[in-house]
Amino acid sequence: MCHVIVTCRSMLWTLLSIVVAFAELIAFMSSDWLLGFPRSDSSTSGAGVDSGEYRPSLGLYSRCLRIGTRGVGVSCGPYAGTFGEVASGFWQAAMLFLAAGTLVLGGVACISIFSLCFQSILKKSLFNICGLLQAIAGLLLMVGLMLYPAGWGSEKVISYCGPEASPFKPDHCSLGWAFYAAIGGTLASFLCAVLSAQAEIATSSDKVQEEIEEGKSLICLL
């Protein structure tokens with residue numbers, strides 16, 4: 001018989017697991033990892049146009065540039081047609097680690113929804129298994145984030161950030177929100193791993209067992 005068990009700690013873990021997975025996915029796909037040095041629209045749109053400055057952005061495999069006859073349109077899309085065209089070998093490695101970590105977090109987020117009804121699989125706690133996977137995902141993401149700044153010396157980054165850009169030195173570029181979101185998601189994945197243990201304790205408490213013995217199929221505890 002399926003017992004739907006909802007506690008504050010288990011629900012918090014489930015919601016945070018979903019949020020972390022989405023945060024890492026959005027950050028990975030975003031082009032706002034680096035913000036390039038300010039540029040003038042007139043340099044790309046010709047004379048006689050609005051010369052207001054803007055900052056192009058560069059992601060792991062995509063970029064955003066302002067285009068248009070008056071420099072008001074924004075074109076965002078991948079700059080690399082294949083994996084081999086990614087700006088740097090370090091970025092290629094970072095993408096693999098970040099993608100692997102995000103994939104694991106996405107799988108755990110899906111499983112966490114079913115944990116409301118199934119708390120174990122093959123006599124193993126679902127929460128403990130998911131917590132271990134989230135810790136592993138956090139390590140993968142951490143490696144990816146450490147590899148990312150090592151690729152700042154590539155030609156692509158230099159064209160966006162200036163001639164003095166080098167590994168771990170972005171020159172005129174500044175870090176965009178996607179990089180910070182990825183860091184936040186990485187830290188939150190370790191928090192999820194800790195909360196999974198608390199969710200396991202909450203769903204296997206004596207009070208929950210008493211509710212099950214009374215024949216209740218929906219158990220909600222604060």
Side-chain angles (χ1 to χ4, degrees), residues 1-30 33 60-61 83 90-151 177-213 216-222:
M1 180 179 179
C2 175
H3 298 280
V4 179
I5 303 175
V6 181
T7 69
C8 287
R9 282 176 283 183
S10 66
M11 182 58 67
L12 176 62
W13 172 74
T14 298
L15 293 177
L16 187 58
S17 296
I18 295 173
V19 170
V20 168
F22 272 107
E24 288 294 342
L25 178 61
I26 293 173
F28 182 84
M29 298 176 63
S30 174
W33 284 71
L60 292 169
Y61 64 92
F83 183 73
F90 287 107
W91 282 18
Q92 293 175 357
M95 286 179 64
L96 291 176
F97 280 101
L98 291 172
T102 302
L103 182 63
V104 173
L105 289 177
V108 172
C110 294
I111 296 174
S112 67
I113 299 175
F114 295 100
S115 68
L116 298 175
C117 190
F118 301 98
Q119 288 75 46
S120 63
I121 180 171
L122 299 177
K123 298 184 178 180
K124 300 291 184 179
S125 170
L126 199 62
F127 299 104
N128 291 340
I129 294 174
C130 288
L132 177 60
L133 291 174
Q134 286 172 325
I136 293 174
L139 293 175
L140 292 172
L141 294 171
M142 184 181 297
V143 173
L145 289 173
M146 289 189 294
L147 288 171
Y148 171 68
W177 66 265
F179 180 77
Y180 293 111
I183 292 178
T186 301
L187 296 177
S189 67
F190 289 110
L191 176 60
C192 285
V194 175
L195 287 176
S196 68
Q198 295 299 315
E200 161 66 15
I201 294 173
T203 55
S204 60
S205 65
D206 292 339
K207 187 175 294 186
V208 170
Q209 297 303 317
E210 291 175 1
E211 297 276 352
I212 293 176
E213 291 175 358
K216 295 182 179 180
S217 57
L218 177 58
I219 302 170
C220 296
L221 298 174
L222 298 178

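Everything quoted here is computed from the prediction, not taken from an experiment.
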Rounded to the nearest 0.5 Å, how far does [atom2] of [Y] lie from [atom1] of [X]?
{"X": "L187", "Y": "I183", "atom1": "CG", "atom2": "CD1", "value": "7.5 Å"}
{"X": "N128", "Y": "L133", "atom1": "CG", "atom2": "CG", "value": "11.0 Å"}
{"X": "I201", "Y": "S125", "atom1": "CD1", "atom2": "OG", "value": "10.0 Å"}
{"X": "I129", "Y": "I111", "atom1": "CD1", "atom2": "CD1", "value": "8.0 Å"}

Looking only at non-hydrogen atoms, find the nearest pair between [X] and [Y] and report the distance.
{"X": "L105", "Y": "S189", "value": "CD2-CB, 4.0 Å"}
{"X": "G131", "Y": "A193", "value": "O-CB, 3.4 Å"}
{"X": "G144", "Y": "A94", "value": "O-CB, 3.4 Å"}
{"X": "L60", "Y": "Y148", "value": "CD2-CD1, 3.6 Å"}

Open item on the list: Testing F28, F83, W91 one by one against Y61 for a side-chain contact (heavy atoms from CB on, under 4.5 Å), which residue passes?
Closed with: F28
In chain order, what residues pass the side-chain contact (heavy atoms from CB on, under 4.5 Å) check against [X], with sequence neighbours excluded?
{"X": "A182", "result": "E24, A27, W33, L145"}
{"X": "L103", "result": "none"}
{"X": "F90", "result": "S88, L147, A150"}
{"X": "F190", "result": "L139, M142, T186"}

Using atom types as modelled, flag every donor-acceptor pair under 3.5 Å from a side chain in residues 11-20 to any protein atom, sequence neighbours excluded.
| unit_1 | atom_1 | unit_2 | atom_2 | d |
| --- | --- | --- | --- | --- |
| W13 | NE1 | Q134 | OE1 | 3.1 |
| W13 | NE1 | C192 | O | 3.3 |
| T14 | OG1 | S10 | O | 3.0 |
| S17 | OG | W13 | O | 2.7 |
| S17 | OG | Q134 | NE2 | 2.8 |

Open item on the list: Test: side-chain hydrogen bond (donor to acceptor under 3.5 Å, both in side chains). Region: residues 100-110. Which pairs qualify, not counting sequence neighbours?
Closed with: none
